Undergrad: 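Sharing a structure here in structure tokens format.
Bear in mind that the values here come from a model prediction, so they are computed numbers and not experimental data. Residue numbers run from 1 in the order of the sequence given.
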Amino acid sequence: MHDSGRLITPPLVDLYLAPGEKAEALRSLAQRLLAEGRITDLDGFLADVAAREARAPTGLGEGIGVPHCRSAHVTRPSLAFGRSARGLDFDAPDGRPADLVFMIAAPDGADQDHLRILAALARRLTDPGFTGALRAATDPTAVAALVNGEDAPAAPASAPAAAPPPAVGAEPATAPATEPAAGTEPRADRPAGGPAEGSRPRLVAVTSCPTGIAHTYLAARALEQAAARAGAEIRVETQGSAGSTPLAPEVIAAADAVILAHDVEVRDRGRFAGKPTVDVGVRAGVSRADELVARAVRAARAADPAGPVRAGPDRAAGGGPVTGRREDHRGSRLRQYLMTGVSYMIPFVAAGGLLIALAFAIGGYEISSAASVVGHFDWDSRQSWAAMLFQTGTAAFGFLVPVLSGYIAYAVADRPALAPGIVGGAISVAVGAGFLGGLVSGLAAGFLVRWMVRRRVPGAIRGIMPVVVIPLVSVAAVGFLMFVVVGSPIASAMSGLTNWLNSLSGTNAILLGVLLGAMMAFDLGGPLNKVAYTFAAGALTTAGSTPDAGSLKVMAAVMAAGMTPPLGMALATTVRARLFTREERENGKAAWVLGASFITEGAIPFAAADPLRVIPAAMAGSMTAGGLVMAFGSTLRAPHGGIWVLPLIGSPFLYVLAVVAGTLVTALLVLLLKGIRGKDPAAVPEPGSGV
């Protein structure tokens, strides 16, 4: 195999990774990728890695760290490997520093063959023979051959005999953890009620993570191994970047219980309706696989033989429902439903808003009253082009509330809830209830469909439930709710909100900007931040063609307030570097890009290390930026983009001034607070420095 086709080559291996700080170690590995032509922009790639690290830790436990990302700066799927004698903190579940660091770099739009290679590598990391060989290796060439699947590691003498993990490059297909014993093949006609005591439980699982590169496949492999240790059969569907092979319907029908280890919504979740379900985050699938398998087996054996099992308490696991994450509260689940709808709505907001903004830039604000371009389009007329853009953008805006409502319902009850959710959103638009009505119709449709899916029905109508009964009843019920019950009151509330936003001026506008700024910076991408952002994105639907609508000012204030925390921390690390650790200084370099791009999470590493100083400073800066934007009257139609959508911002120079002021306030306050703590991080000797 030529080096150009390998996932990893010897120059990408560092067996003596010297830096003691994670950020420096990541930069060292990224520099190897740059030198080999695997990435094109060192700082841009590291910013993408930092953004991924900010979303969730990448420490897997057992001394393994897997920093990874998908990035436009990656030329082809690649891996850099480093071995650290001192260990690096990747916030692993077991608290153990990582001595084996695998930096996985995947390009945007990477082809499926290469992504399968990355997936297979992720699954091999749970093999002690593989990691043991890496810890014992003395030659980078041997490491590269081992990772590329050109050399097999020797199994430890004490290790029990087991099927080897798939070689790198092999298809990470769905497979049972162990072959079924004779006479125990899965059968779709197996009696309900779960396995009898002493029989072999049959489980199915789905794993998924936000990037779909590492944790998806690590969780799958961990669950397969845990099931083998427990004497259970398991089939795992990995919904990751390498594609997904859905579990066969007969396999699901024969399963006694389901394990869902995911950080994004499971596709076609309705397939598992009626099965005892353990629902957790993907990291639990990696670090607590044995516990999850045990919970699933207990849930299966506690199932009611007379019919489908509903959510019940998992007593042996310490209480809490089997379905629904034990660590989640109802509020966090509700937020997840709402944010799913908002995430699907945002492309329509962005496309519609930007098209309308371009139309105004070309044809002026009077273009909103232009006649339809159907049959009247003049190729040589600037006004015709502007009218076409405006009318296309307006059409895109027409989908906002139906899409919001439909995908909120989808998040609650999967695909069967899409039809009533979308119809409910369309009715909300028709009666003037706007995005508030969309929120109500989406939740109502989702919970109604989820209730219907879980009902026991006679066998005669079971087959037509998903295609006739559920759509008919749910759409009719949501239509009645929106037309007759709640549509008019919500429309009145929406009209009042619109009038209030459009009439904001003076002190009231500034106070709203200050409040939204505080919410954006309080948890830096957490629940309160998302509430403020959802309010602003939803308010865009009321803007219409008014150039200075209050809702456009709200969106501008929220984006400015979200940009200043990372920008302020980046400035602080530049001005007074000695007040920050080396890792924080490295994070500060990435924070410039993250802040300019409206990624508030770029300030999380600083807040995690010193919350009592960083969070108040970030809040002060965001409150300043939000209040000034409202005072200046800057507007914004795009729901995202940061500094890159500056040409589409009303009063752009004043907007930049507000962001700069907020950045300065954050930087100055955090420097003041850190300067009086009486301890200089730069003065602390590094381990092994001899000082």
Side-chain angles (χ1 to χ4, degrees), residues 72 108 342 344-404 425-426 429-430 432 434-435 498-499 501-505 509 536-560 563 596-598 628-659:
D108 284 340
V342 171
Y344 280 99
M345 179 188 76
I346 282 176
F348 293 87
V349 178
L354 293 174
L355 285 172
I356 291 173
L358 288 173
F360 288 155
I362 295 172
Y365 290 107
E366 65 275 5
I367 204 66
S368 60
S369 59
S372 171
V373 295
V374 177
H376 301 89
F377 185 77
D378 184 354
W379 288 83
D380 297 324
S381 170
R382 186 178 67 177
Q383 293 300 104
S384 286
W385 283 101
M388 184 272 296
L389 292 174
F390 178 82
Q391 291 165 27
T392 303
T394 301
F397 261 32
F399 289 95
L400 299 188
V401 176
V403 168
L404 172 70
V429 174
F435 84 96
T498 302
N499 293 334
L501 287 176
N502 289 334
S503 65
L504 280 175
S505 61
L540 282 181
T541 64
T542 69
S545 60
T546 307
D548 59 348
S551 52
L552 301 184
K553 299 175 186 177
V554 169
M555 189 70 249
V558 164
M559 191 168 81
M563 294 169 64
S597 302
F598 182 34
L628 286 176
V629 166
M630 294 298 283
F632 295 153
S634 295
T635 57
L636 173 65
R637 282 192 177 275
H640 215 290
I643 204 70
W644 315 115
V645 295
L646 188 61
L648 303 177
I649 295 175
S651 302
F653 296 108
L654 292 175
Y655 181 87
V656 171
L657 178 61
V659 172

Undergrad: Is Q391 reaching over with its side chain to a backbone N or O of A371, donor-acceptor style, under 3.5 angstrom?
TA: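 Present.
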Undergrad: Return the minimal non-hydrogen interatomic distance between M563 and V659, and the atom names on each side.
TA: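 Where M563 meets V659 most closely, the heavy atoms are CE-CG1, 4.4 Å.
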Undergrad: Please name all residues satisfying side-chain contact (heavy atoms from CB on, under 4.5 Å) with F632, sequence neighbours left out, ordered by chain then number.
TA: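 Counting only residues at least two positions away or on another chain, F632 forms a side-chain contact (heavy atoms from CB on, under 4.5 Å) with L628, S634, L654, L657, A658.
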Undergrad: If you round to the nearest 0.5 Å, how far is OG1 of T635 from CE of M630?
TA: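 Output value for this atom pair is 11.0 Å.
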Undergrad: Assess whether atom CZ of F377 is packed by more than 12 heavy atoms of other residues, nucleotides or ligands within 6.0 Å.
TA: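 Result for CZ/F377: enclosed.
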Undergrad: Do the side chains of I649 and L636 get nearer than 4.5 Å, heavy atoms only?
TA: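 The answer is yes; the side chains approach within 4.5 Å.
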Undergrad: For Y655 versus V629, what's the shortest heavy-atom pair and its separation?
TA: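 Shortest heavy-atom contact: CD1-CG2, 3.9 Å.
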Undergrad: Please report the interatomic distance OG(S381) to NE2(H376), rounded to the nearest 0.5 Å.
TA: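 Reported to 0.5 Å precision, the distance equals 12.5 Å.
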Undergrad: How long is the straight-line distance from CE of M388 back to CD1 of I362, given to the nearest 0.5 Å?
TA: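 The CD1 atom of I362 sits 8.0 Å away from the CE atom of M388.
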Undergrad: About how many Å separate CG of L404 and CZ of F399, when rounded to the nearest 0.5 Å?
TA: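 With rounding to 0.5 Å, CZ (F399) is 14.5 Å from CG (L404).
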